[in-house]
Every structure is written in structure tokens, then in C-alpha cells.
Amino acid sequence: MASRQLEKIYEPQAVEARWGQYWLDQGYFHADADAQGQPYAIVIPPPNVTGSLHIGHALNTTIQDILIRWHRMQGRNTLWLPGTDHAGIATQNVVERQLMAEQTSREQLGRDAFIERVWTWKRQSGDTILEQLKRLGASCDWSRLRFTMDDGLSRAVRDVFVRLHQDGLLYRGERLINWCPRCLTALSDIEVEHESVQGKLYHIRYPLSDKPRDGLVVATTRPETLFGDTAVAVHPEDPRHNRHIGRSLRLPLTGRTIPIVGDAILVNREFGTGAVKITPAHDFNDFEAGERHHLPRLSILTHRGLLNADALREADVEPGLRDTLANLPPTSARPLVAEELQRRDLLTQVDEYPMALGKCYRCKTVVEPFLSPQWFVHVQPLADPAIAAVEQGHIRIVPEGWTNNYLGWMRGLKDWCISRQIWWGHRIPAWYCTTCTPEARAILDGAGSGSIPTQATPIVSHTTPRICPTCQQARFVQDPDVIDTWFSSALWPFSTLGWPDNTKAFQTWYPTSTLVTGLDILFFWVARMIMLGLKFTHTPPFRDVYIHALVRDAEGRKMSKSKGNVIDPLTKMSQYGTDALRFTLASMASPGRDIRLSEDRIAGYRNFANKIWNAARFILMHAGGQTPAATPPADRPFADQWILSRLSHVTDTVNGCLRDYRFDQAAGHLYHFVWHEYCDWYLELIKPSLQEGDTVAARSTRATMLHTFERLQRLLHPFMPFLTEEIWQALPHQGDSIVRQPFPEAVPAWENADAERTFAIIEQCVTTIRTGRALLEYGPSTVLTILVTANDADDIARLHDARHHIAHLGRGAVSVLAQDAWPTDRVLHLVVGRVTVGITIDGEVDLKKALARIHKQTQAKQQDAAHLERRLSSPDFAAKASPEVIQESKDRLALLTAELSLFSRSNRQLQNMVS
RNA sequence: GGGCGAUUAGCUCAGUGGGAGAGCGCUUCCCUCACACGGAAGAGGCCACUGGUUCGAUACCAGUAUCGCCCACCA
């Protein structure tokens, strides 16, 4: 491509659109399972089809793309597999809201029509986030796009379900589960978010049946559930209460009596009154206590979470109260029940009490523990190998700190409720014979699976069974429930590669290399992928799990639409450029920490992009038709030797950082190198040479400049793909795109300590001269008379070689002097390490500033020197510190002493001049 | 209640057993022929507190305080 005239300011929009399309058209991201190279694969954490790109996606995607582009450039056979998740509850909610706006509902539509409606919606809107990922530059193999409800993936889901069932790891049972009364479905334990709220602890007196004046006082946060009580428990060794065990109590507000049982597990003698009401159908602890004592379970709520009139009758609630309470939500019933108890003098005490409230993670409705028949995965046999895989290092979690989090969670894992009473999702591949299970016929009329007793035997298979093995009939209904979305996500690393078929892609890229994800789905997703991956492929699904931070706003709050503190990545990409946003996110991706994103930071990296852009303009302007030839470094001018050395070092550093997943450090080193070494010093050093015309040195410098800059684009490319492609294409280059150019490796032959040492001296001199210029208030156009010298002959020789650089950058006439030739008059002597700089004072100058400055520095250095002397004179230090440390301290003290003597000389002279 | 993490410049954050760092912001000078989204020079910090280990601690250990996150059925 011919080099274009580059604008003064980098304009990202057109550039991004052009190259983004070019990459796709050229198929650069397509991965071939038969290609050469060691495989490297990442499967994307599939965003919800309902999703729109938020800043968390942007971070997640940027990190994956950096890894992918880096490995692709290194010649690995690299696959980044994209896709989306059907997100059962979330998606169903979105479409249901649409229906509500149309004054209809999914029930009115019917199941098949509703599902068709969701598919229509998915076809229309489901690609939004994919387009947004493309805009971010995500170099996915879009030809391998997958969706969790694709035919292939659905087959994998059925296959896994059937095999788990065959292996006895699935069961259906009536248990207490978390129920969302708005979504009308069961949720798994982790789909409940706990929130701390201020509640009340009610103390209620339950009279003894035979001695109504006596009784037990129970403490509860939910008095309205007392209608579901089927016992009261006390601690068997509690002397206050244990004599009552075996007797019975009158359940207030009802005509029932309930037994007093002894239970050491449920009851904490220290808490409350030492007596606990047991409500097996509405509390997880009570459910287990109920199991232990074979208590009946009395569910008093409807599936919409309201007090159930029929159940209240069954619970023998007093008729008047029954009518008042029926169909009330628990929160409304609670004060009414308390009031009624108060009226009867049964409410003995009410305390303020903080309690945890469980909410649905999709709609934030308060969830209810609810009794219903559900499908469960027996997780322990799956969890054990998943624990071992991490413990034994087959899977590495980065940063390491999260490992214990993972292990702790896995060890305490309870069975996983995987049935959902919604319609959008993978339908459970279980069928009931309508002859053997007459209740199953109700499903045909739209009833839920709850109508089928748990004793019924489902037939689990890939397809509708042909004949019932028990009764030889052939009429079946399928279980109406669908499987938890996270179940299909758990198969993602292998189902997307064609499993259960042994495809070429599966053979090549499975197990995948790295999984990049946020902490928020470590349990939802990562843990389950490991469990099911190990179970079905006998291999961990990935080698490394990189867990990145959560992006928060500048105040550290979680971003959410309701708080209005969302930083929209799409807006920022338009405003500052995609590369600037990517570089920002990479820079802030420090391990184990949340990211507080502030817009200033993005603007800063936009400026960085512009800096690179202008360096490119400069370089192209001065390229002079030169090509980036590779003459031996030793033959090149000093500045070229130096920048080659620095480039090799930074290349090495960046590769190391990327290997360690330290994107923040890699970005930091690149930023510093580009701006403060390449632009501030190298380009400035070579400017005079570029003016020279067609000399040998100038040609060499042009070649080096182009060579290093081209290499730098490749180094930057994983972080800033668009900008670097645009520049690379404008530079002399070979190949069609930077995307498939090799990623730079360090070149040890370029590393040159001698050149770096010379540079350090130049830098010191120039900085010192500029400081002196500012102190003496000589304007930039004043040409100074500069004297330099050094402590040893070697450094004096370097000064001699470099004097034209010092003269150019310091804007002055430079004389390199021997130390004994150093003048004493009308010279400002300035800070130095190994070198001494003097600026000849010419004409009338205000020296007060300079004197004040020298005075201040003198004091600081005297303190340092005193500190060092104290340390060096300590016998313990001499005896115990390492020789290197001792030597270093001695060297530093010697330098300080030299500087201080200079300072004092300077001081005296300047004082004399002032007076 | 358990676990984890944080506390360093005005702000956002790196960092290390021996001389306190970056970006942004701030001050001064400069529109010097790549870049004012720029250049140069600066100001600014008892590295949360208290003990301990050490010749030496911002760093390692313990405790305290504050903040945050995750997990948790104590009614």
C-alpha cells in the first residue's frame, strides 16, 4: 500500500473501520486445524445474547485479544473461538417484557409460539454484541461462531445429561430450593445474591398444650411463616428447656398443636431464647431438621410467593385471620401477624435485627425457599477431581490468590439444582409415560413438572422413547422444564469444538490454553467447566485461568445502569479511539485488584496514540527512500547502537510480562520506551544526522530509525492493533498485514552496555544543562557556553565522543575539560553524578534562584551523606551486609562527597558574584 | 460469622529488605521546521497506626483502625 499523507492528529474512526474490515475480508483470523504451529486456543466467555458491550466485556476482550494476537504473531496455530450464550432467564425476561408492552404474555402465546418469538428476537438482536466485539478489534475466528442453543451444542447438552443420568449423578427430588416468585422458576444456590437489610427479631410465646400459662418463647425474623411450623426445637442439653422435649405446644393463631423436639444441630443455646420454631417448607435449616425428626412439610406460599389460602386452611389457621392474610406477600403479612400476636399478648419482645435477604440475580426479586420437585446434579463425585486438578497444578489459576477461593467453594459444594421452570433453554431430555404416570397428562394441559410425583420414573434419553419398558405403551410427555443455562456453558470449551464427535478441531485445540474471565463467574462457570470437562473429556478444559479485575467507576462503585455511573466503552471508543481504550484497560489490569476507571486516563492514552502517530509522521518525513536495512550494529552511529540495545531490552521485558499475564507492566514498559526513550531521546539525538543529507552515517541512521520503528509497531500491535496496522502499512514493509508478522524477540547481539553507559552520561549532562538554563533564566534561544568534565578518564573520553550530542540537546558550545583545567570564575557548577557540568555566566543574571536551589540541594545531600556515613561506620553493617551493598554504599558516599565539595565551591563563587 | 484484599504524591495506581515511582492534575518557561493530544524545568509524600524480626522495614511478621470484595441457613 502506498504511503499516504498523514494528518497532524491521529483520527481513529476511519482507520479502525478500514482495517477492521480488511482483516475480516482477508480472513486473517481464521484458524485451520491442520495448520502448522503449536496450537493455542481461547474460547470466549460467551456474552449473553441480550447483552450490549459493557466495560467489563471490553476489558475481558482486550486481554484475550492481546494474548491471541501475541501468540498468533509468534507463529502458534491460534484459535479464538467466539460465541454467545442463550442466557435462559435473562433472555426470556427480555422477550416477556416486550410481550407485556404488547398487552400479551407467554402464557397466551403458548410455549411453541413463545420460543419461536425468542428465536426471532435472537436473530434480530443477538448479533449486536458480536458487532461490538468486532469494533474492539477482537480477532476471533468468526467462521466458528457458536451459540449455546445451536444444534451441535444442544446435542452435547443432551448427551451429557443422559450420561450423567446413566452414571447415577442426576436425580429428581422434592427439596427446598430457591424460588424466584417473579421469574417463576427455581434458582441454584449461587443465583441468589445476599443483601444485608435491617429486619426485626420477633419473640413469640407458644403456650404448652397442657399448661397454657407456661410455654416456650421462640425468636424469629419471619413471624408469618409460623403457620408452616411443624415443631419447635430446643437444645437437648439446655437445662432451661430440655424437660419439655416430647411435650407439645399450641401453635398461636391456629388450632394446631406441634411437638417439642430436641435438636443439637439446629439450636444454638446462646442465641435468642434457645427455642427455635421449625418450618421445614420455608427455611433451609428447618428443612434439614424436619428430615431428622420426620416432620411434615407445610408449604404456605403459592408459587407467586403469596400466602396460600388453601394451605392456610390446611394449616388450621383461624378462619378470620385466614381471609385477612390470603394472597398477601410475606412482607405485608408480617406486621399483621405481629399485630395479632401482640393483641393476644403472645408477642413478648421485638428487637432490631440485621438479616440477609436473598434476591434473584436476574430480577432482584426476593427469593423464597420453596418446596418443589427439581432435577439435581450430584456434585461431589465431580468436584473431587476438579479440586485435585487445581491442587496438583494441572490447572493454574492466575493470580494465584484466587486458588483458595476456588478450592474452598468446591469443597463446600452442595448439589446443583439444574431444572428451571422457564421455556427458553434446553428442554430436559426426560419423558414420562402417561400410562404409568397418570399425573404426567397434566403437563399436556400446561402444568409444570411439579405435578409429577418424585416417585415417578422418568425415561432419560436423547429422543422421545418409543415404548415404555414397564407398560409397553407408547404415549409420553416430555418434562416441561429446561436446564440451567450454566449447564450448557459448562460444556463450552469442548462442545464448541464439535464434541462429542472427535473432530479435527477438537483434536487440535482441546484442551484450550487460557481462559480469561472475571471473578464474578468463577463459580458459575469456571468451576463447572472444570468438573464437566474432566468428567467427559478426562482432561482439564484449559491450562491457565486468568482472572481479571472488575471494572468500577472512579469512586470504586460497581457500575450499573441504575446508578448512572456506567462508562460506556462504545462512547469512549468513538471519543478517544479503540486503541486508546484498549491500552487503558491493559494498563490498569493489575492482578488481584478492582479497576477504577477514570476518563482522564483514557485521554492520556489517546495522547499516547497521537504521540506514536506523530513519531510516524516524523519518521516518514525523514525516511528519504531508505529501507530498514540490517547493517551490523557495531558499524552504526552511537545513537543507533543505543536504541537497538534499548529495543532489545524492552522486547525481552514485554515478552516476559505477557508470559506472566502482566499486561499492566507490559503496557507500562512500552509506554515509557516509546515516549521517553524513543521519542524524547532517540529521535532528538538523530535529528542533526537526518539533516545531513546522504552521508553514510545518515543512511545508517535512517535505516535504523525505520527498522526500530517498524519493530516497535509489531511490539505494540497486540495492544493497539488499528494504529499499528495503519502505521505499519505506511512504513516500508514486506507482507500484507502486521497481523501475521512475527512478534519481536530480544536480540542479544544488539545489547550494548557501553552505548547505554554513554547515553546515561549524555542524559545527565543534558538534563543538568537544562536545569541550569532554567535557574539562570536563559531563554531557549540563548546559546550557552558549557563546560563538562568527569571523574575518570573513561568518562571524559565518552564526553568527548558525545559532545556534539550534548551541544545539540543542551543548545550550547561544549568544551570537554580535564578536571585540573576546570575554571573557578563566573561558572554555575551543577549537579552531577559522575560528570560535572558548568555553565558560563554571561552578563547580568539573577543568581538568587540558583543560590536557593543549590542551598536546598546541598542540605538534602548532606543528609544523605550523613546517613550513609552512619551506616558505613556501623560494625554490624560491615559484618552482616552483603559486599555488594557495602560497595554500593561506599560508591554513593564518594559521589555525594564529590558533589558536596563542588556545591560548596559553587556557593562561594556565586555568593561573591552577588555581593 | 468465615475468608480474602486494600491503605504510597491533590486524584487513579505501580513498586521494592539498603538511594520514594508513573499517569493525570498543579507551577514556571516555550506555538524550536513530528506532535500544544506537544517540549523543557519544577513543586508535592513521617509509604494508615502500634509493636516485633533485622545491622537496616514503605516492603517481612503480629496486632489495631478504616474501606472494599467474596462466601455463609444461625432462628
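Chain letters run A, B, ... following the sequence lines, proteins first and then strands; every chain starts at 1. Just so it is clear, the model here is predicted, and its values are computed rather than measured.
For the OP1/OP2 pair of A40(B) and a distance below 4.0 Å, the side-chain nitrogens and oxygens of Thr767(A) include no atom meeting the criterion. Close to A75(B), at under 4.0 Å from its OP1 or OP2, lies no side-chain N or O of Asn268(A). One finds no side-chain N or O of Tyr10(A) lying less than 4.0 angstrom from the OP1 or OP2 phosphate oxygen of A34(B). Side-chain nitrogen and oxygen atoms of Lys687(A) include none within less than 4.0 Å of the OP1 or OP2 phosphate oxygen of U32(B). The phosphate of G39(B) (OP1 or OP2) has a side-chain N or O of Trp675(A) nearer than 4.0 angstrom.
Among the heavy atoms of the strands lying under 4.0 Å from Val267(A) is at least one base atom, whether or not backbone atoms are also near.
If you check distances only, the side chain of Lys8(A) never reaches the base of C35(B) with a donor-acceptor pair under 3.5 Å. Looking at Arg617(A), its side chain has no donor and acceptor atom pair within 3.5 Å of the base of C35(B).
Figure legend. G5(B) is base-paired to C67(B); pairs are counted as Watson-Crick or G-U wobble with both atom distances under 3.5 Å.
Atom CD of Glu400(A) has 12 or fewer heavy atoms from other residues, nucleotides or ligands within 6.0 Å.
Residues Gly779(A) and Lys856(A) each lie close to RNA chain B; by heavy-atom proximity, the contact nearer the 5' end of the strand is made by Gly779(A).
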Between protein and nucleotides 15-23 of chain B, what N or O pairs are separated by less than 3.5 Å?
| from | atom 1 | to | atom 2 | distance (Å) |
| --- | --- | --- | --- | --- |
| G15(B) | OP1 | Arg662(A) | NH2 | 3.1 |
| G18(B) | O2' | Arg871(A) | NH1 | 2.9 |
| G18(B) | O2' | Arg871(A) | NH2 | 3.4 |
| G19(B) | OP1 | Arg892(A) | NH1 | 3.4 |
| G19(B) | OP1 | Arg892(A) | NH2 | 3.3 |
| G19(B) | N3 | Arg892(A) | NE | 3.4 |
| G23(B) | OP1 | His676(A) | NE2 | 3.4 |

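Taking atom OH on Tyr678(A) and atom C1' on A34(B), their separation rounds to 12 Å, with Å as the unit. One interatomic measurement links the two molecules: CG of Asn614(A) to P of A36(B), which rounds to 7 Å at whole-angstrom precision.
Taking the six-membered ring where the residue is Trp, Phe673(A) and Tyr678(A) present tilted rings, their angle falling between 30° and 60°. A perpendicular orientation is assigned to the rings of Phe608(A) and Tyr605(A), their planes being inclined by more than 60° (bins at 30° and 60°). Ring geometry, His672(A) versus His676(A): the interplanar angle falls from 30° to 60°, so the pair is classed tilted.
Comparing the P positions of G45(B) and G2(B) gives a spacing of 40 Å, expressed to the nearest Å.
For the residue pair Asp864(A) / Gln862(A), no side-chain donor-acceptor distance below 3.5 Å is found, with atom types taken as modelled.
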